[in-house]
Enquirer: 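Below is the structure I would like to discuss, written out as structure tokens.
By convention in this document, chain letters (A, B, ...) are assigned in the order of the sequence lines, proteins followed by strands, and residues within each chain are numbered from 1.
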Number of protein chains: 2
Amino acid sequence: MSPVPAPARDSASDSAVPAFDRLEMVLKALASERRLMILDWLKDPAVNFPPQEHGDPIEHGACNLFIVEKLGVSQPAGSRHLKILVDAGLVIPTRRKGWTYYRRNEEFLSELAAQIASL
Amino acid sequence: MSPVPAPARDSASDSAVPAFDRLEMVLKALASERRLMILDWLKDPAVNFPPQEHGDPIEHGACNLFIVEKLGVSQPAGSRHLKILVDAGLVIPTRRKGWTYYRRNEEFLSELAAQIASL
DNA sequence: TAGTTAGTTAACATTCTTGCTATGTCACCG
DNA sequence: CGGTGACATAGCAAGAATGTTAACTAACTA
């Protein structure tokens with residue numbers, strides 16, 4: 001699967017414009033210093049966050065609470081940043097024992113990088 | 001030169017957070033369907049725009065007027081999109097004979113792609 | 001089952017983005 | 001040197017993004 005659909009054309013029009021709306025959505029998700037920091041922290045959850053009792057930092061990523069606290073914003077604000085990243089496909093959530101863990105979607109990220117390289 | 005400065009650290013703090021604010025600014029410039037279309041059109045100005053009397057489409061790029069018209073927005077709105085792209089470093093303006101031409105900053109774009117690949 | 005805790009949703013304020021129209025400014029040209 | 005055309009700036013309105021606090025939901029725990 002491609003991170004962003006191929007430049008499909010609207011068959012109802014003869015427009016030669018690629019479908020950039022999905023890419024725009026992903027780029028908007030990425031275009032935030034706070035969310036870029038989250039992605040950076042998630043490169044190494046075990047180093048960037050306190051030890052977790054449940055949920056392996058490597059396998060499942062970091063706990064919502066830790067990320068929100070490190071961001072330094074309120075809990076709803078932090079959760080919304082995470083949701084934006086999840087909705088864009090950049091990170092993957094895992095619910096476990098009442099907590100939610102987040103890890104990077106490395107496959108998506110590398111395909112996105114390739115797509116941007118072809119811009 | 002790098003499209004976005006290296007992850008320099010603030011010597012006044014022991015923060016391990018890379019400087020993402022510049023990258024955020026570039027990504028915001030990119031995170032617009034209209035501006036993505038402009039970048040796409042500028043891949044081949046001779047094909048995507050009418051012939052120009054002055055200013056070689058290959059060397060200098062496409063004329064402001066043509067881009068604005070193709071965008072389908074008002075002249076100030078179109079000019080602002082171009083300015084955002086220029087300010088981010090994504091396109092290069094050339095003033096000539098009273099017109100302004102724009103071309104892609106391919107060097108910047110490829111370095112940006114590399115930087116995103118390392119996210 | 002009752003309480004605590006994680007996380008979402010609601011409601012709202014503030015700021016940023018993007019569009020418009022109207023007006024300036026500056027360079028070319030006749 | 002005066003007019004015209006290209007582009008920028010000013011000012012405004014609408015919608016999106018981001019932050020807050022308060023209230024709700026759901027799940028673990030004792």
Enquirer: Where each residue is assigned the nucleotide of DNA chain D containing its nearest heavy atom, which of A/Gly78 and B/Gly98 is assigned the position nearer the 5′ end?
Expert: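 Nearer the 5' end of the strand: B/Gly98.
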
Enquirer: Would you mind classifying the nucleic acid contact of B/Ile84 as base, sugar-phosphate or nothing, using non-hydrogen atoms under 4.0 angstrom?
Expert: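 Result for B/Ile84 = sugar-phosphate.
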
Enquirer: Kindly point out which of C/dG7, C/dT8, C/dT18 is positioned nearest to the side chain of A/Ser79?
Expert: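 Minimum distance to the A/Ser79 side chain belongs to C/dT8.
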
Enquirer: Need to verify one output field. Residue with the more 5' nearest nucleotide on DNA chain D, A/Ala77 or A/Lys28?
Expert: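 It is A/Lys28, whose closest nucleotide lies nearer the 5' terminus.
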
Enquirer: Given A/Asn48 and A/Lys70, is the side-chain contact (heavy atoms from CB on, under 4.5 Å) satisfied, shown in steps?
Expert: CA-CA 9 Å; A/Asn48 291 299; A/Lys70 190 153 183 163; 3.8 Å; yes

Enquirer: Rounded to the Å, how far apart are A/Leu82 CG and D/dG19 P?
Expert: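 Rounding to the nearest Å, CG of A/Leu82 and P of D/dG19 are 12 Å apart.
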
Enquirer: Would you tell me if any nitrogen or oxygen in the side chain of B/Arg35 comes within less than 4.0 Å of OP1 or OP2 on C/dT18?
Expert: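 Yes, such a contact exists.
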
Enquirer: CG of B/Leu109 to CG of B/Leu39: how many Å apart, nearest 0.5 Å?
Expert: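 With rounding to 0.5 Å, CG (B/Leu109) is 6.0 Å from CG (B/Leu39).
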
Enquirer: Without decimals, in angstroms, what is the distance between B/Asn64 CG and D/dG5 P?
Expert: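 These atoms are roughly 16 Å apart.
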
Enquirer: Counting only side-chain nitrogens and oxygens, does A/Ser74 get under 4.0 Å of the OP1 or OP2 atom of D/dG19?
Expert: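 False: A/Ser74 side-chain N/O out of range (4.0 Å or more) of D/dG19 OP1/OP2.
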
Enquirer: Measure up the A/Phe49 and A/Trp41 rings against each other and bin them: parallel (under 30°), tilted (30 to 60°), perpendicular (over 60°).
Expert: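 Geometry flag for A/Trp41 against A/Phe49: perpendicular rings.
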
Enquirer: Could you check how far CD of A/Glu24 sits from C1' of C/dT17, rounded to whole Å?
Expert: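 Taking CD of A/Glu24 and C1' of C/dT17, I get 11 Å after rounding.
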
Enquirer: Which nucleotide wins on minimum distance to the side chain of A/Pro76, given the candidates D/dT18, C/dT9, D/dC7?
Expert: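 Closest of the options to the side chain of A/Pro76: C/dT9.
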
Enquirer: Are the side chain of B/Asn105 and the backbone N or O of B/Ile92 linked by a donor-acceptor pair below 3.5 Å?
Expert: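 Between the backbone of B/Ile92 and the side chain of B/Asn105 there is no qualifying donor-acceptor contact (under 3.5 Å).
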
Enquirer: Taking only side-chain nitrogens and oxygens of B/His81, does any of them come within less than 4.0 Å of OP1 or OP2 of C/dG19?
Expert: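 So the side chain of B/His81 is within the cut-off, an N or O lying under 4.0 Å from OP1 or OP2 of C/dG19.
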
Enquirer: Tell me: CG of B/Leu65 to P of D/dT4, nearest whole Å?
Expert: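 Rounded to the whole Å, the gap is 17 Å.
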
Enquirer: It should be established whether B/Lys97 places a side-chain nitrogen or oxygen under 4.0 Å from OP1 or OP2 of nucleotide C/dC29.
Expert: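 Looking at the OP1 and OP2 atoms of C/dC29, one of them is under 4.0 Å from a side-chain N or O of B/Lys97.
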
Enquirer: Name the residue closer to the 5' end of DNA chain C, choosing between B/Val73 and A/Arg95 according to the nucleotide with the nearest heavy atom.
Expert: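 Of the two residues, A/Arg95 wins.
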
Enquirer: Report yes if a donor N or O on one partner sits less than 3.5 Å from an acceptor N or O on the other, where the partners are the side chain of A/Gln75 and the base of C/dA6; otherwise report no.
Expert: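 Donor-acceptor pair under 3.5 Å: no.
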
